[in-house]
Amino acid sequence: NRAMLNVSVIKEKEGTTGTPVSAKVEAYMKNIYGQRRGLHLREVQERDAVYYIGTFLVRNRETLNFHLDVKPEGEANYSPAAFSEEFFIE
């Protein structure tokens, strides 16, 4: 079974919900055993939107820990982000 990760990078802009920006996005995931899998994200641009999409295989009740390093266009440094997700398959 496949799952999808969708990442958007938004630059804060006063008085708005923000502005989408291009970025360098590096991602990987680890399972509960610490096994690391790389995650290739491709950039998609549509009108006023920019996002990064990657697909990966999952098993029922599998928990994956996601790790992202994001460097928005025009910025000098990467910003890390991490989250965990448990997947349920019918």
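What's counted below: heavy atoms across the whole structure, side chains too, no hydrogens, waters or symmetry copies. Computed from a predicted structure; not experimentally measured. Residue indices begin at 1 and follow the sequence shown.
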Exercise for the section: Return yes if some donor-acceptor pair links the side-chain N/O of Asn60 with the main-chain N/O of Ile89 below 3.5 Å, else return no. Expected result: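 Yes; at least one donor-acceptor contact below 3.5 Å.
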Exercise for the section: Report yes if some heavy atom in the side chain of Glu85 is under 4.5 Å from a heavy atom in the side chain of Leu64; otherwise report no. Expected result: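 No, too far: nothing below the 4.5 Å cut-off.
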Exercise for the section: Report yes if the side chains of Arg61 and Phe88 come closer than 4.5 Å at any heavy-atom pair, otherwise no. Expected result: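 The answer is yes, as the side chains (C-beta and beyond) meet within the 4.5 Å cut-off.
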Exercise for the section: For Asn77, check side chain to side chain contact (heavy atoms under 4.5 Å, CB included) against everything at least two apart and list the hits. Expected result: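 None.
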Practice task
Please identify each residue that fulfils side chain to side chain contact (heavy atoms under 4.5 Å, CB included) with Ile53, with sequence neighbours left out.
Solution key: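 Result, side chain to side chain contact (heavy atoms under 4.5 Å, CB included) vs Ile53: Met4, Asn6, Val44, Tyr51.
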Exercise for the section: Rounded to the nearest 0.5 Å, what's the gap from CG on Asp69 to CD on Glu26? Could you check? Expected result: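 So the gap between those two atoms works out to 6.0 Å.
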Handout entry: From CD (Gln35) to NZ (Lys30), nearest 0.5 Å
Key =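 One gets 11.0 Å once the value is rounded to the nearest 0.5 Å.
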Practice task
Kindly give the heavy-atom pair with the smallest separation between Ala3 and Phe87, and that separation in Å.
Solution key: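 Looks like CB-CE2, 3.8 Å.
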Exercise for the section: For Ser22 and Gln45, work out which heavy atoms get closest and say how close. Expected result: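 Between these two residues, the closest heavy atoms are OG-NE2, 3.5 Å.
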Handout entry: Side-chain hydrophobic cluster, 4.5 Å single linkage: members besides Tyr78
Key =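 Cluster partners of Tyr78: none, it stands alone.
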Problem - Remaining members of hydrophobic cluster (4.5 Å side-chain criterion), Leu57 - result: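 Answer for Leu57: none, a lone residue.
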Going by atom type alone, with no hydrogens or angles, which donor-acceptor pairs under 3.5 Å involve a side-chain atom of residues 7-21 and a protein atom two or more places apart or on another chain?
from: Thr16; atom 1: OG1; to: Lys13; atom 2: O; distance (Å): 2.7
from: Thr16; atom 1: OG1; to: Gly18; atom 2: N; distance (Å): 3.0

Could you pull out all residues at least two apart from [X] that satisfy side chain to side chain donor-acceptor pair (under 3.5 Å)?
{"X": "Ser84", "result": "Asn65"}
{"X": "Glu75", "result": "none"}
{"X": "Arg47", "result": "none"}

Practice task
For Phe66, check ring pair (Phe, Tyr, Trp, His ring centres under 6.0 Å) against everything at least two apart and list the hits.
Solution key: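 Once residues adjacent in sequence are excluded, the partners of Phe66 under the ring pair (Phe, Tyr, Trp, His ring centres under 6.0 Å) criterion are Phe56, Phe83.
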Exercise for the section: May I have all residue pairs that pass ring-ring contact (aromatic ring centres under 6.0 Å, His included) and include part of residues 16-50, sequence neighbours excluded? Expected result: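 Only Tyr28-His67 qualify under ring-ring contact (aromatic ring centres under 6.0 Å, His included).
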Handout entry: Partner residues of Glu62 under the salt bridge (Lys or Arg N to Asp or Glu O under 4.0 Å) criterion, sequence neighbours left out
Key =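 Residues passing salt bridge (Lys or Arg N to Asp or Glu O under 4.0 Å) with Glu62: Arg37.
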Handout entry: Partner residues of Glu43 under the salt bridge (Lys or Arg N to Asp or Glu O under 4.0 Å) criterion, sequence neighbours left out
Key =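 By the salt bridge (Lys or Arg N to Asp or Glu O under 4.0 Å) rule, Glu43 matches no residue at all.
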Practice task
Evaluate whether atom CZ of Arg42 has more than 12 neighbouring non-hydrogen atoms of other residues, nucleotides or ligands under 6.0 angstrom away.
Solution key: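 Atom CZ in Arg42 is not crowded, with 12 or fewer foreign heavy atoms closer than 6.0 Å.
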